[in-house]
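Here's the structure we're looking at; comments come further down.
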Amino acid sequence: MNGKKYIILEIIPTAVDPKNGEIAQLSALKINGLNLLDRFDYRLVDEKINNNDIINMISYDNDSFTYVKTTRTILSRFKKWIEDYDLFIIDNLYTRNYLYNIKNNKESVFKYMDMECSDDVIEKMMDKYKLQPSNHIVDLIYEALLFENKE
């Protein structure tokens with residue numbers, strides 16, 4: 001991982017298919033080697049999210065996010081922010097769906113932890129690396145990568 005430039009990201013959508021949903025939240029970390037360079041934390045304004053469960057799920061650290069009115073704005077700003085960095089994704093169906101028009105290389109972040117993506121992979125990752133709970137999944141993934149790459 002030394003010398004590698006990549007983005008760790010998590011998308012919370014309102015639906016699996018972007019034709020029927022929006023990105024409620026996109027959080028990402030820009031990494032060079034193992035050094036954190038920047039973070040990207042965007043949310044859709046609540047009135048654009050028609051799902052109270054999603055609104056409740058993302059109702060933490062409200063001051064840490066930039067709020068916008070469209071998924072298009074989130075993706076447009078994200079595209080500029082990621083430059084040519086590889087994307088280390090939680091390789092589920094909806095993440096690939098929402099990132100379809102982004103041409104950067106995409107690979108499962110869990111391959112760097114010798115894990116498979118599953119419904120409980122975050123809990124398994126937290127167990128494996130003895131991580132403390134956090135609302136920010138990208139931060140947990142970054143911590144796990146730091147543990148995995150300790151010399």
Side-chain angles (χ1 to χ4, degrees), residues 1-44 46 48-62 64-66 71 74-75 77-79 81-151:
M1 311 234 31
N2 286 337
K4 187 168 180 67
K5 298 184 327 181
Y6 55 97
I7 305 289
I8 301 167
L9 69 109
E10 176 201 21
I11 292 175
I12 299 176
T14 61
V16 172
D17 188 339
K19 293 175 187 161
N20 302 320
E22 302 284 346
I23 293 176
Q25 178 176 302
L26 194 158
S27 292
L29 302 177
K30 187 180 281 186
I31 314 287
N32 187 350
L34 293 172
N35 298 315
L36 175 61
L37 302 177
D38 198 7
R39 68 181 305 129
F40 182 98
D41 291 303
Y42 274 72
R43 281 189 183 148
L44 204 59
D46 283 353
K48 298 287 184 171
I49 302 171
N50 297 323
N51 183 321
N52 285 332
D53 290 336
I54 299 288
I55 290 171
N56 290 334
M57 181 190 318
I58 64 171
S59 65
Y60 59 88
D61 296 344
N62 293 324
S64 302
F65 289 83
T66 299
T71 292
I74 292 173
L75 288 174
R77 291 182 185 176
F78 184 65
K79 258 181 158 171
W81 184 81
I82 62 176
E83 304 171 61
D84 64 344
Y85 283 55
D86 289 345
L87 303 181
F88 284 12
I89 64 172
I90 299 171
D91 199 8
N92 51 40
L93 182 59
Y94 63 80
T95 296
R96 288 202 180 266
N97 286 345
Y98 282 90
L99 297 177
Y100 178 77
N101 288 320
I102 294 179
K103 301 304 178 202
N104 297 49
N105 181 51
K106 300 170 195 81
E107 55 186 312
S108 174
V109 68
F110 298 114
K111 81 176 195 176
Y112 294 94
M113 300 172 217
D114 196 31
M115 299 178 77
E116 295 287 326
C117 193
S118 64
D119 290 341
D120 62 347
V121 70
I122 301 303
E123 290 82 10
K124 288 179 180 177
M125 179 187 71
M126 289 174 61
D127 270 355
K128 180 176 181 177
Y129 298 103
K130 309 291 187 252
L131 302 175
Q132 295 299 312
S134 171
N135 289 322
H136 299 275
I137 301 299
V138 292
D139 293 342
L140 291 171
I141 292 170
Y142 179 52
E143 285 184 58
L145 290 174
L146 290 174
F147 276 111
E148 190 65 40
N149 287 282
K150 278 186 179 177
E151 296 181 324

Kindly give the heavy-atom pair with the smallest separation between [X] and [Y], and that separation in Å.
{"X": "I82", "Y": "K79", "value": "CG1-O, 3.3 Å"}
{"X": "Y98", "Y": "D17", "value": "OH-O, 3.7 Å"}
{"X": "A28", "Y": "D41", "value": "N-OD1, 4.5 Å"}

Q. Are M113 and F147 close enough, and set up right, to give a side chain to side chain contact (heavy atoms under 4.5 Å, CB included), and what steps lead you there?
A. CA-CA 9 Å; M113 300 172 217; F147 276 111; over 6 Å; no
Q. Does the pair S27 and E10 meet the rule for a side-chain hydrogen bond (donor to acceptor under 3.5 Å, both in side chains), with working shown?
A. CA-CA 5 Å; S27 292; E10 176 201 21; 5.0 Å; no
Q) Among K30, K4, K5, K106, whose salt bridge (Lys or Arg N to Asp or Glu O under 4.0 Å) with D86 holds? A) K4
Taking [X] for the side chain and [Y] for the main chain, is one N or O donor matched with an acceptor at less than 3.5 Å?
{"X": "Y142", "Y": "L34", "value": "yes"}
{"X": "Y100", "Y": "T95", "value": "no"}
{"X": "N32", "Y": "N35", "value": "no"}
{"X": "N104", "Y": "E83", "value": "yes"}
{"X": "T14", "Y": "G21", "value": "no"}
{"X": "N97", "Y": "V16", "value": "yes"}

Q. Given R39 and D139, is the salt bridge (Lys or Arg N to Asp or Glu O under 4.0 Å) satisfied, shown in steps?
A. CA-CA 10 Å; R39 68 181 305 129; D139 293 342; 3.1 Å; yes
Q. How about F88 and Y112: are their ring centroids closer than 6.0 Å?
A. yes
Q.
Could you walk me through whether W81 and D38 satisfy the side chain to side chain contact (heavy atoms under 4.5 Å, CB included) test, starting with their C-alpha distance in whole Å, then the side-chain angles of each, then the deciding distance to 0.1 Å, before giving a yes or no?
A. CA-CA 9 Å; W81 184 81; D38 198 7; 2.8 Å; yes
For [X], is the [atom1] atom crowded, meaning more than 12 foreign heavy atoms sit under 6.0 Å from it?
{"X": "K103", "atom1": "NZ", "answer": "yes"}
{"X": "D119", "atom1": "CG", "answer": "no"}
{"X": "D114", "atom1": "CG", "answer": "no"}
{"X": "E107", "atom1": "CD", "answer": "yes"}

Q) When I74 is tested against each of I23, I11, T66 for side chain to side chain contact (heavy atoms under 4.5 Å, CB included), which residue passes? A) I23
Q: Before giving the answer on side chain to side chain contact (heavy atoms under 4.5 Å, CB included), spell out for E148 and K128 the whole-Å C-alpha distance, their side-chain angles and the decisive distance to 0.1 Å.
A: CA-CA 10 Å; E148 190 65 40; K128 180 176 181 177; 4.2 Å; yes
Q: Determine, stepwise, if the pair L9 / L99 fulfils side chain to side chain contact (heavy atoms under 4.5 Å, CB included).
A: CA-CA 11 Å; L9 69 109; L99 297 177; 3.9 Å; yes
(Q) To the closest 0.5 Å, what do you measure between CD1 (I90) and CE (M125)? (A) 7.5 Å
Q | Test item: Y6 and L29 side chains (from C-beta on) under 4.5 Å apart, heavy atoms | A | no
Q) Any luck finding a side-chain donor-acceptor pair between H136 and D61 under 3.5 Å? A) yes
